[in-house]
Amino acid sequence: MAEEYSFPKGDLMAGKTGLVMGVANHNSIAYGIASQLAAQGAKLAFAYLPDMEKRVRPLGEAIGVTDFIPCEVTDDASMDAAFADLEQRFGGLDFLVHSIAFANKDELKGSFVENTTREGFLTAMNISAFSFVDAANRAAKMMKPGGSMVTMTYLGSERVIPNYNTMGVAKAALEAATRYIARDLGPKGIRVNAISAGAMRTLSLAGISGGRGLLSQGRMFSALKEDTSMEGVAGCALWLLSDLGRSTTGEVIHVDAGFHMIGLPDEFANLAG
Ligand code: NAD
């Protein structure tokens with residue numbers, strides 16, 4: 001990570017402790033965000049799928065993480081144990097990063113209306129949307145005023161993106177949940193926001209049929225005509241999770257090189273007459 005990306009160092013997160021959920025490998029968005037937060041002095045715990053310990057621990061240790069907590073978000077007992085462990089280790093929490101999603105591969109292709117099963121729909125909703133509601137509720141109980149939470153979403157919640165299908169519906173639920181949680185936790189001085197990142201080369205993207213095409217479309221049709229950078233996403237998370245973001249809550253912020261706001265790419269202007 002250190003060689004690939006350059007994250008500005010400083011002390012914006014000095015004295016703050018946080019939980020990062022969703023590191024699977026060095027390409028994970030959660031790992032980019034964690035690397036940026038660590039470079040700004042945050043003390044971090046990683047929560048990760050139990051069978052990923054071997055891969056996740058060295059990544060965390062490389063950026064100074066000392067606390068590793070296995071956690072399967074669909075299992076109440078696992079969530080109970082993870083947050084009890086966290087409470088014991090940290091005593092309190094200043095921020096939460098939720099960077100978790102999953103849908104069955106079979107449902108991330110073709111016709112949404114024909115391919116979506118009840119089981120697949122509920123799985124995507126459970127892991128990709130409800131897990132944030134659950135984690136936010138548990139994290140908030142450990143937070144004081146000034147706490148902040150960030151989750152990760154994608155444009156497929158607002159617009160139809162081929163093959164994104166049931167995940168797009170889950171992301172719409174996640175974004176709505178972000179606003180409801182922000183309303184509930186606002187009086188406690190806790191902020192809650194979502195980052196809508198452009199397509200990035202990660203395991204999750206590989207699970208979407210034609211996912212690599214989303215990368216090149218982002219590059220071709222975004223306002224900046226470039227890929228979404230890990231530095232840009234991590235920088236936005238740093239802003240939202242630090243005191244710099246103190247008046248922002250309930251937002252879905254696009255960090256996608258300006259892809260979301262282009263109505264008609266120049267390349268198609270002639271077709272429009
Ligand atoms: P990733 O595969 O590295 O991260 C997804 C994480 O979810 C993994 O760490 C995985 O272990 C975890 N996870 C899945 N099921 C879980 C479960 N049951 N319990 C606990 N953890 C579980 O991929 P990523 O691209 O870094 O994805 C992170 C977030 O960013 C996701 O919400 C994704 O939808 C979102 N996002 C990704 C892109 C992109 O193009 N890659 C763009 C916008 C938003």
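For ligands, and for the atoms within them, numbers begin at 1 and follow the listed sequence. On a predicted model such as this, the values are computed, not experimentally measured, just so you know.
Applying the salt bridge (charged side-chain N to carboxylate O under 4.0 Å, His left out) rule to pairs touching residues 95-119 yields nothing, sequence neighbours excluded.
Between Ser204 and ligand 1, an N or O atom pair is found at a separation short of 3.5 Å. Ligand 1 has no N or O atom lying under 3.5 Å from any N or O atom of Thr153, backbone or side chain. On a distance-only criterion, Glu72 and ligand 1 share at least one N/O pair closer than 3.5 Å. For Ser28, a nitrogen or oxygen atom sits less than 3.5 Å from a nitrogen or oxygen atom of ligand 1, counting backbone and side chain alike. Residue-to-ligand polar distances place Val73 within reach of ligand 1: an N/O pair is separated by less than 3.5 Å. The shortest N or O to N or O distance between Met52 and ligand 1 is not under 3.5 Å. Of the N or O atoms in Met200, one or more lie within a sub-3.5 Å distance of an N or O in ligand 1.
Counting heavy atoms under 4.0 Å from ligand 1, residue Ile100 touches it through both backbone and side chain. Residue contacts with ligand 1 for Leu49 involve side-chain atoms from C-beta outward but no N, CA, C or O (heavy atoms, distance under 4.0 Å). Under 4.0 Å from ligand 1, the heavy atoms of Cys71 that appear belong solely to its backbone.
Taking the six-membered ring where tryptophan is involved, the planes of Phe46 and Tyr31 are perpendicular, since the angle between them exceeds 60° and thus also 30°. By the 30° and 60° cut-offs, the orientation of the rings of His260 relative to His254 is parallel.
Close approach of ligand 1 to Gly198 is summarised as follows: ligand atoms under 4.0 Å from at least one heavy atom of the residue are 40 (O), 42 (C). Taking every heavy atom of Val23 and a limit of under 4.0 angstrom, the matching atoms of ligand 1 come to 9 (O). Proximity to Ala199 (heavy-atom distance under 4.0 Å) selects the following atoms of ligand 1: 40 (O).
Between the side chain of Lys225 and the backbone N or O of Met220, at least one donor-acceptor pair lies under 3.5 Å.
Closest heavy-atom approach to atom 6 (C) of ligand 1 within the set Ser78, Ser99, Ala24: this belongs to Ser99. The option with the heavy atom closest to atom 34 (O) of ligand 1, from among Met167, His26, His98, Lys171, is Lys171.
The shortest distance between side-chain heavy atoms of Asp80 and Arg138 falls below 4.5 Å. Under the 4.5 Å side-chain criterion, counting only non-hydrogen atoms from C-beta, Lys43 is in contact with Thr66. Using a 4.5 Å heavy-atom threshold, the side chains of Phe90 and Leu19 count as separate. Using a 4.5 Å cut-off on side-chain heavy atoms (C-beta onward), Thr248 and Trp239 make contact.
When the side chain to side chain donor-acceptor pair (under 3.5 Å) test is applied to Asn137, the partners found at least two apart in sequence or on another chain are Lys141.
Not close to ligand 1: Gly211, with no non-hydrogen atom less than 4.0 angstrom away.
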